[in-house]
Amino acid sequence: MTIQIDNVHQSEEANADGYREFALGEFTFKRDEFFVYIGWPTGEHMMSADSFLRALQRDVAWDFFYGIVNFDGVFGTLNHYGTVDIFAGRFNESYRKAELDYSENMETPRIRATFEAILDDWTNESFDPFASPHETGSAFGLKNGSNTAAVTRQRVAADRMVGVPGDEQVRSDDSGYPVNRMFADVDQSEPVIEVEPGFEDEVAAFSLFAYLSRSNVTWNPSVVSVCKDSLACPTTEEYILPIIHGNDRVEWFVQLSDQITWEVEDRDTGAVRARVTMRAGDVSAMPADIRHQGYSPKRSMLLVWENNSEKIPEAIASGKAPTYPIEF
Amino acid sequence: MTTTRKAQGGAVQRANYTTVFGSLADHQKGGVELIADDARHYAFSNIFDVASKAIAWDRVAVAKNWEYVLETIRAEGTSPWYAAAHDEFAICMDDGDAEVLVELVKPDSPVAPEGSEGAVLLHTEPVGRPMGRIHLKRGHQALLPKGAAYRFVKQGAAGVLLIQTIGGALTQYRWADICQTV
């Protein structure tokens with residue numbers, strides 16, 4: 001029997017493995033010890049529970065992010081900034097040719113509430129979907145407690161810049177952000193700032209590298225500085241980006257430390273287009289018609305640079321703006 | 001070596017890891033391996049490589065997203081004075097083993113026209129109240145606040161700054177020279 005609580009349709013009772021089952025429009029979601037089962041009117045799909053939860057965590061934390069969040073080659077979400085398409089097979093050429101693809105559009109609060117409920121119910125106390133594999137336990141097994149604190153971390157978003165009075169503040173041991181084991185060699189000194197009286201809110205600086213070295217999550221861009229619609233969103237990366245991000249605008253990467261390799265595919269078909277290897281200091285655009293997944297052998301620092309303008313997706317989708325950043 | 005807890009799989013890890021940052025003196029560029037695409041679509045470059053070939057204080061765009069840019073600057077000696085009608089931000093990517101100093105002045109009258117985009121060059125020293133100074137080492141990020149005049153001082157070996165701003169009259173676009181094309 002399905003009940004509705006706070007706009008979330010879920011089973012009244014947990015299944016034999018201890019997990020509740022959910023419905024969202026015509027989509028259904030079930031999990032057992034190892035797998036997640038997603039159903040829709042024209043098909044069903046299986047994912048490993050750990051992969052699904054890692055992807056779901058990013059989709060929820062990013063509030064469906066820019067463009068497409070592919071959980072894998074079949075299932076995902078497409079953000080329309082107010083509504084969200086939830087889809088199966090839509091960006092998979094074989095599913096489309098077989099006419100097995102399916103999508104539904106729904107108000108963002110509805111899908112957000114359902115995804116948050118699934119994430120909370122299906123994440124056991126042993127598992128942190130934000131953490132690298134070395135820093136968390138197993139996602140598998142029968143229902144075993146919960147990890148609500150981990151799955152409800154607030155995404156950092158500075159209004160002006162981290163460290164400015166009244167804005168997001170720097171991280172420290174005291175504020176619960178120890179230096180990550182793979183960044184133990186990163187200098188923790190903060191810039192020396194000499195401020196004349198009256199300019200305390202204007203003369204500001206912080207150590208970006210120290211700040212990133214204390215991040216307790218992976219693959220989760222957070223805003224550290226804002227110039228109108230220009231958002232600097234650095235993040236720390238380890239292992240594999242748990243989603244395949246499909247762009248609806250050009251985004252840029254600046255590799256601040258170490259190395260990431262990006263597998264780049266056509267956004268709509270999944271056909272391989274390029275492999276981009278980025279080392280410290282490298283800068284690369286990600287075109288607006290691709291999807292990409294990153295691989296970081298060691299925890300690394302990546303600056304994701306976004307243009308938050310709401311006019312861009314329509315301009316690109318209508319062909320008024322190119323899918324690549326520069327003509328040269 | 002260390003080992004993760006059994007609950008985390010018991011994997012063996014290194015006892016220490018080395019974080020690799022780049023610099024003018026030591027950087028290794030990656031690249032785009034093409035399978036079915038055009039390298040120019042990625043505008044792939046390296047900020048240290050760009051700065052190594054730049055004249056001091058040239059503001060060379062390494063990324064552009066509509067009106068917004070990221071500029072790379074080779075920091076060497078004392079820069080001219082600049083101002084902007086909007087916030088800008090400077091990340092010190094290479095301090096050349098010494099600090100990059102940021103000097104800030106609040107001009108008595110605005111020097112960057114309201115609504116203008118990008119940094120504006122001041123041809124004379126700004127007249128106004130000193131706001132303060134910021135000493136940047138590698139990895140430090142500073143606010144270059146809207147309406148303030150600022151300049152950089154880099155003594156000793158050259159350093160590299162990355163500026164988050166809007167493209168303006170001082171922004172130099174050299175894509176064909178700095179980007180991978182094939």
Side-chain angles (χ1 to χ4, degrees), chain A residues 126 133-137 160-161 164 181-187 189 191-196 199 202-210 225 227-230 232 250 252 254 257-259 271-285 287 298 305 307 309 312 324-326 328, chain B residues 4 7-9 11 13 16-22 27-37 40-48 62-66 68 70 86-89 91 93 104 106 129-143 145 148 164-166 175-176:
Chain A
S126 56
H134 273 342
E135 297 176 319
T136 185
R160 193 178 192 189
M161 188 185 79
V164 170
R181 75 204 191 289
M182 286 195 181
F183 288 138
D185 58 342
V186 173
D187 180 15
S189 66
V192 174
I193 305 172
E194 306 169 39
V195 187
E196 297 295 333
F199 294 108
E202 298 288 303
V203 181
F206 75 109
S207 174
L208 174 64
F209 289 179
S225 54
C227 173
K228 299 187 178 179
D229 276 324
S230 160
V250 173
W252 285 83
V254 179
S257 82
D258 305 290
Q259 177 174 322
V272 178
R273 287 175 51 167
R275 180 176 300 110
V276 181
T277 300
M278 299 191 67
R279 301 194 176 105
D282 284 344
V283 182
S284 183
K298 174 201 171 283
W305 182 51
N307 185 333
S309 171
I312 294 177
Y324 47 90
I326 300 152
F328 73 97
Chain B
T4 59
Q8 296 171 351
Q13 302 183 78
N16 299 291
Y17 288 88
T18 300
T19 302
V20 177
F21 295 107
H27 58 273
Q28 283 191 310
K29 198 173 174 180
V32 183
E33 181 185 339
L34 295 168
I35 294 148
D37 213 333
R40 290 171 295 185
H41 292 169
Y42 298 84
F44 189 98
S45 68
N46 180 284
I47 61 173
F48 304 112
V62 292
K64 185 175 189 301
N65 205 333
W66 295 58
Y68 302 104
L70 299 179
H86 50 78
D87 283 346
E88 301 175 288
F89 305 91
I91 301 173
M93 296 295 295
L104 294 161
K106 187 71 173 179
R129 291 173 58 199
M131 298 173 68
R133 308 196 313 167
I134 301 169
H135 304 257
L136 298 178
K137 300 285 287 182
R138 185 177 70 185
H140 293 173
Q141 178 171 355
L143 167 66
Q164 180 188 357
T165 184
I166 303 177
W175 304 112

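If you're wondering where the values come from, they're calculated on a predicted model, not measured in any experiment. Letters A, B, ... are given to chains in the order of the sequence lines, protein chains preceding strands, and every chain is numbered from 1.
His41(B) touches chain A through backbone and side chain together, each having a heavy atom under 4.5 Å away. Only the side chain of Leu104(B) comes within contact range of chain A, with at least one heavy atom under 4.5 Å from a heavy atom of that chain. Val186(A) touches chain B through its side chain: at least one heavy atom from C-beta onward sits under 4.5 Å away, while N, CA, C and O do not. Contacts of Phe21(B) with chain A are made by both backbone and side-chain atoms, with heavy-atom separations under 4.5 Å. Proximity to chain A (any heavy atom under 4.5 Å) is shown, for Lys137(B), by neither the backbone nor the side chain. With a 4.5 angstrom heavy-atom cutoff, Ala232(A) touches chain B via backbone and side-chain atoms both. Using a 4.5 Å cut-off between heavy atoms, Met131(B) touches chain A through backbone and side chain atoms alike. For Gln141(B), the parts lying under 4.5 angstrom from a heavy atom of chain A are both the backbone and the side chain.
Ring geometry, Trp175(B) versus Phe328(A): the interplanar angle falls from 30° to 60°, so the pair is classed tilted.
Phe89(B) and Arg160(A) make their closest contact through CZ-O, 3.5 Å (heavy atoms, listed as atom of the first residue, atom of the second, distance). Taking each heavy atom of Pro287(A) and Tyr42(B) in turn, the nearest pair found is CD-CE2, 3.7 Å. Nearest heavy-atom pair, Ile134(B) versus Pro191(A), reported as atom, atom and distance to 0.1 Å: CG2-CB, 4.4 Å. Nearest heavy atoms, Ala43(B) versus Trp252(A): CB-CH2, 3.5 Å. The two atoms that bring Lys64(B) and Pro325(A) nearest to each other are O-CB, 3.8 Å, heavy atoms only. Contact between Ala280(A) and Asn46(B) at its shortest, heavy atoms only, is O-ND2, 3.3 Å.
Expressed to the nearest 0.5 Å, how far OG1 of Thr165(B) lies from NZ of Lys228(A) amounts to 9.5 Å. Interatomic distance, CG of Asp229(A) versus CD1 of Ile166(B), reported as 9.5 Å (0.5 Å rounding). Interatomic distance, CG of Leu143(B) versus CD of Glu202(A), reported as 6.5 Å (0.5 Å rounding).
Scanning for side chain to side chain contact (heavy atoms under 4.5 Å, CB included) contacts around Ser189(A) gives Asp187(A), His140(B), with sequence neighbours left out. With sequence neighbours left out, the side chain to side chain donor-acceptor pair (under 3.5 Å) criterion links His135(B) to Glu194(A), Glu99(B).
A donor-acceptor contact shorter than 3.5 Å is absent between the side chain of Gln28(B) and the backbone of Arg279(A). Asp258(A) places no side-chain N or O within 3.5 Å of a backbone atom of Thr19(B) that could act as its donor or acceptor partner. A donor-acceptor contact shorter than 3.5 Å links the side chain of Asn65(B) to the backbone of Val250(A). Distance alone, capped at 3.5 Å, places no donor-acceptor pair between the Tyr324(A) side chain and the Arg40(B) backbone. Not a single donor-acceptor pair under 3.5 Å links the side chain of Asp37(B) to the backbone N or O of Ala274(A).
Taking Ala204(A), Ser284(A), Ser257(A), Ser225(A) one by one and counting their heavy-atom pairs under 4.5 Å with chain B, the maximum is reached by Ser225(A). The greatest number of non-hydrogen atom pairs below 4.5 Å with chain B, out of Phe206(A), Trp305(A), Phe183(A), is found for Trp305(A). Chosen from Asn16(B), Leu34(B), Asp87(B), the residue pairing most often with chain A at heavy-atom distances under 4.5 Å is Asp87(B). Counting heavy-atom pairs closer than 4.5 Å to chain B, the top-ranked of the candidates Ile326(A), Val195(A), Ile193(A) is Ile326(A).
Between the side chains of Gln164(B) and Ser230(A), at least one donor N or O sits under 3.5 Å from an acceptor N or O.
Side chains of Glu196(A) and Lys106(B) form no contact here, defined as non-hydrogen atoms less than 4.5 Å apart.
Among Val283(A), Thr277(A), Val276(A), the single residue meeting the side chain to side chain contact (heavy atoms under 4.5 Å, CB included) criterion with Phe44(B) is Val276(A).
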